[in-house]
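A short write-up of the structure that comes next.
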Amino acid sequence: MRRSTSGSDRPAPPTAFGTPENFEALPFTNELRYDLWHAEGTVLLAGAEAEVEGMIRHTNFELETDKEAGESWAAWRSPVEGEYYFVTMLSRYRQSGQGGLELLLDGKRVGKLISPGGRERIFWYTTEPLKLEKDTELRLESAMLSGSTRFGEVRSVTSRRSPCLMSRVSRLGG
C-alpha cells in the first residue's frame, strides 16, 4: 500500500496522471531537513548550479517548472560515484493542476514523483539507490500533463549510509 503524504496508513489519493513510480514519500519536518543537510554522505545539488530550461529560479535551492515555457527541466552532473538515494522536496503548485516530476539518469527514466496539494511539503526518495558515476546526468523534468511544480532540497542525493533517512523510513514502516 502506498503511504499517504501525511505519514498515516491511509492510502494516498490517486492523482490526475497516475501514482508515483520508484519513489516513496516522507512527511516534511524541519528536523529531517536539518538532518539531511548535515548527514555524512549527503551531496549538495543546488538549484543555482543546475542547468535549466523552462524553470523559474526562486532561491539558490528552489526551482519551479514553468508550463508556459513548454519543455521544463533541471539537470545536474553527479560530483560523486557510488550508490546513492535521490531525495528532493516537492512543495506547492500553482492552481494549474496537480504537479509532478520525472527523474532521468543519463536520459533513462528512473521514476515519477507527485506534488502535494495546497501548501504541504513532502520529501521524496528513490526506493532503490541509484548507481552513479562521476558526471552522470541527474535530470528532473516536468511530468506529462503536470501543472507547475515547485521543488527544492535537491541538495539531498543521500548515501545509503545516511542514518537520518533510513531511520525515518524504518520508523514509518517503509
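Residues: numbered from 1 along the sequence shown. Everything numeric in this text was worked out from a predicted model, so none of it was measured.
Gly54 and Ser72 get closest at one heavy-atom pair: O-OG, 2.5 Å. Contact between Leu26 and Ile122 at its shortest, heavy atoms only, is O-CG2, 3.5 Å.
Atom CH2 of Trp124 and atom CZ of Phe86 lie 13.0 Å apart (nearest 0.5 Å). A distance of 8.0 Å separates CD in Glu137 from CG in Leu104, rounded to the nearest 0.5 Å. From Thr65, atom OG1 reaches atom CD1 of Ile56 across 7.5 Å, with rounding to the nearest 0.5 Å. Here the CG atom belonging to Leu113 is positioned 7.0 Å from the OG1 atom belonging to Thr88, to the nearest 0.5 angstrom. Within the model, atoms OG1 of Thr42 and OH of Tyr85 stand 13.5 Å from one another, a figure rounded to the nearest 0.5 Å. Taking CE from Met55 and OG from Ser142, the interatomic distance works out to 7.0 Å, rounded to the nearest 0.5 Å.
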Steps toward side chain to side chain contact (heavy atoms under 4.5 Å, CB included) verdict (Leu101, Lys112): CA-CA 6 Å; Leu101 298 169; Lys112 178 171 61 175; over 6 Å; no
When you look at Leu103 and Thr126, which way does the side chain to side chain contact (heavy atoms under 4.5 Å, CB included) test go after all the steps? CA-CA 10 Å; Leu103 174 64; Thr126 52; 4.1 Å; yes
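Under the 4.5 Å side-chain criterion, counting only non-hydrogen atoms from C-beta, His58 is not in contact with Leu63.
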Contacts under 3.5 angstrom, residues 127-134 side chains, donor-acceptor by atom type, not counting sequence neighbours:
residue : atom : partner : partner atom : Å
Lys131  : NZ   : Glu83   : OE2          : 3.4
Lys134  : NZ   : Pro79   : O            : 3.1

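The hydrophobic cluster containing Val110 also contains Leu138, counting ILVMFWY residues as joined when their side-chain heavy atoms lie under 4.5 angstrom apart, directly or transitively.
Asn30 is linked by a side chain to side chain contact (heavy atoms under 4.5 Å, CB included) to Phe28, Arg33, counting only residues two or more places apart in sequence or in another chain. Scored by the side-chain hydrogen bond (donor to acceptor under 3.5 Å, both in side chains) test, Trp73 finds Glu71 as partners (sequence neighbours excluded). Annotation: salt bridge (charged side-chain N to carboxylate O under 4.0 Å, His left out) contacts of Arg109 (sequence neighbours excluded): Glu21, Glu102.
Side chain of Trp76 to backbone of Glu51: no donor-acceptor contact under 3.5 angstrom is found.
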